[in-house]
Amino acid sequence: MTLQVREMLPSEAHVVTSYFHNSTPEFLENMGVDPTRIPTIGIWQDRIAQQYALPPKSRAAVVVLWLMDDKPVGFSSCDKIVYGEHATMHLHVLQPERRQSGIGTPGVRQSAAIYFDMLKLKSLFCEPNAFNTAPNRTLQKAGFKYLKTHMTVPGLLNYHQAVTRWMVERPQMEGWKT
Ligand SMILES: CC(C)(COP(=O)(O)OP(=O)(O)OC[C@H]1O[C@@H](n2cnc3c(N)ncnc32)[C@H](O)[C@@H]1OP(=O)(O)O)[C@@H](O)C(=O)NCCC(=O)NCCS
């Protein structure tokens with residue numbers, strides 16, 4: 001089955017909000033997410049809708065869906081955007097039973113290609129929790145380069161934690177086979 005990756009529609013925002021709101025505290029902890037920082041579904045959907053009203057140059061976030069047979073199996077988001085320069089991506093397979101079956105690697109590559117194109121990026125970063133094996137292995141397999149491990153609050157939903165910083169630049173990304 002082929003993985004398709006495309007920008008999420010505003011009407012599909014529930015895929016993202018339900019994923020976080022239905023996650024257990026243990027799962028969120030593993031991803032470095034502080035449950036108290038997750039917005040309510042209504043506020044979050046409003047924020048996503050506001051982003052879609054903006055041109056790419058002004059966007060604070062972009063979300064892409066990963067689909068098989070036209071059904072969402074995962075998603076990636078991108079934030080900390082400096083248009084024309086760099087941004088930071090995130091990666092998620094929705095169902096636990098679908099993880100480690102080869103979705104994440106093409107999902108990351110195809111999502112990165114969309115972000116580079118839409119946001120005219122020179123480089124793309126990802127900063128997963130250092131103890132969260134799955135994204136760290138997947139980013140390495142996809143072709144990201146390891147830069148460093150450091151302590152930070154990596155995003156709006158996160159607590160202070162050790163993260164690994166990965167990066168890919170445009171020439172490397174353009175050489176990927178998706
Ligand atoms: C991170 C995630 C998107 C990766 O997607 P995936 O479909 O599981 O990844 P793949 O199947 O393409 O695996 C890529 C590589 O990582 C390895 N890997 C993935 N999960 C792993 C795990 N839990 N433990 C060890 N290795 C793992 C795979 O074995 C594969 O390497 P290999 O081919 O050399 O064996 C997915 O596991 C996920 O959604 N995890 C929960 C959410 C999460 O932690 N997101 C990160 C937030 S920053």
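Just so it is clear, the model here is predicted, and its values are computed rather than measured. Whatever order the structure lists ligands and atoms in, that order sets their numbers, starting from 1.
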* Number the atoms of ligand 1 from 1 as they appear, then name those within less than 4.0 Å of a heavy atom of Ser101, with their elements. => 11 (O)

* Can you tell which of Gly104, Pro154, Gly155 gets a heavy atom nearest to atom 5 (O) of ligand 1? -> Gly104

* **Whether Arg99 side chain and Val93 backbone form a donor-acceptor pair below 3.5 Å** => yes

* **Contact atoms of ligand 1, heavy-atom distance to Tyr19 under 4.0 Å** => 42 (C)

* To do: Examine Arg165 relative to Phe125 and say whether NZ or CZ is less than 6.0 Å from the centre of the six-membered ring and inside a 45° cone about the ring axis.
  => yes

* Tell me which part of Phe75 gets within contact of ligand 1: side chain, backbone, both or neither, using heavy atoms under 4.0 Å. => neither

* So which of Arg98, Gln100, Lys141 gets nearest to atom 20 (N) of ligand 1, if we judge by its closest heavy atom? -> Gln100

* To do: Please check if the side chain of Tyr52 supplies one atom and the backbone of Met8 the other of a donor-acceptor pair under 3.5 Å.
  => yes

* Asked: Less than 3.5 Å between some nitrogen or oxygen of Phe27 and one of ligand 1, yes or no?
  -> no

* Asked: Among the heavy atoms of His90, does any lie under 4.0 Å from an atom of ligand 1?
  -> no

* What residue and heavy atom of the protein are closest to atom 4 (C) of ligand 1, and at what distance? -> Thr138 OG1, 3.3 Å

* Asked: Can you check whether Ile41 reaches His14 side chain to side chain, under 4.5 Å on heavy atoms?
  -> no

* To do: Have a look at ligand 1 and work out which part of Thr105, if any, has a heavy atom under 4.0 Å from it: side chain, backbone, both or neither.
  => both

* Are the side chain of Arg59 and the backbone of Ala53 linked by a donor-acceptor contact shorter than 3.5 Å? -> no

* Asked: Which residue supplies the protein heavy atom nearest to atom 39 (O) of ligand 1, what is that atom called, and how far is it?
  -> Val93 N, 2.7 Å

* Asked: Counting distance only, does the side-chain N/O of His90 pair as donor-acceptor with the main-chain N or O of Pro128 below 3.5 Å?
  -> no

* Atoms in ligand 1 with a heavy atom of Asn132 nearer than 4.0 Å -> 43 (C), 44 (O), 46 (C)

* Asked: Which heavy atom of the protein is the closest neighbour of atom 48 (S) of ligand 1, given with residue, atom name and distance?
  -> Pro128 CB, 4.0 Å

* **Heavy atom of the protein closest to atom 46 (C) of ligand 1 (residue, atom name, distance)** => Leu91 O, 3.3 Å

* Write out the residue and atom name of the closest protein heavy atom to atom 43 (C) of ligand 1, then the distance separating them to 0.1 Å. => Met31 SD, 3.5 Å

* To do: Measure across His21 and Pro39 and return the closest heavy-atom pair with its distance rounded to 0.1 Å.
  => NE2-O, 2.8 Å

* Between the side chain of Gln161 and the main-chain N/O of Gly32, is any donor-acceptor distance below 3.5 Å? -> yes

* To do: Closest by any non-hydrogen atom to atom 40 (N) of ligand 1: pick that one out of Arg99, Arg109, Gln140.
  => Arg99

* Any donor-acceptor N/O pair, Gln51 side chain to Ala60 backbone, under 3.5 Å -> yes

* Asked: In terms of atom number and element, which parts of ligand 1 are under 4.0 angstrom from non-hydrogen atoms of Thr133?
  -> 24 (N), 25 (C)

* **Distance-minimising heavy-atom pair for Asn129 and Asn136** => O-ND2, 3.0 Å

* Asked: Which protein heavy atom lies closest to atom 11 (O) of ligand 1, and at what distance to 0.1 Å?
  -> Gly102 N, 2.7 Å

* Structure fact -> Nearest non-hydrogen protein atom to atom 37 (O) of ligand 1, with distance, is Ala134 CB, 3.5 Å

* Identify the protein heavy atom lying closest to atom 26 (N) of ligand 1, giving its residue, its atom name and the separation to 0.1 Å. => Arg137 NH1, 3.4 Å

* Asked: Taking Asp69 for the side chain and Lys71 for the main chain, is one N or O donor matched with an acceptor at less than 3.5 Å?
  -> no

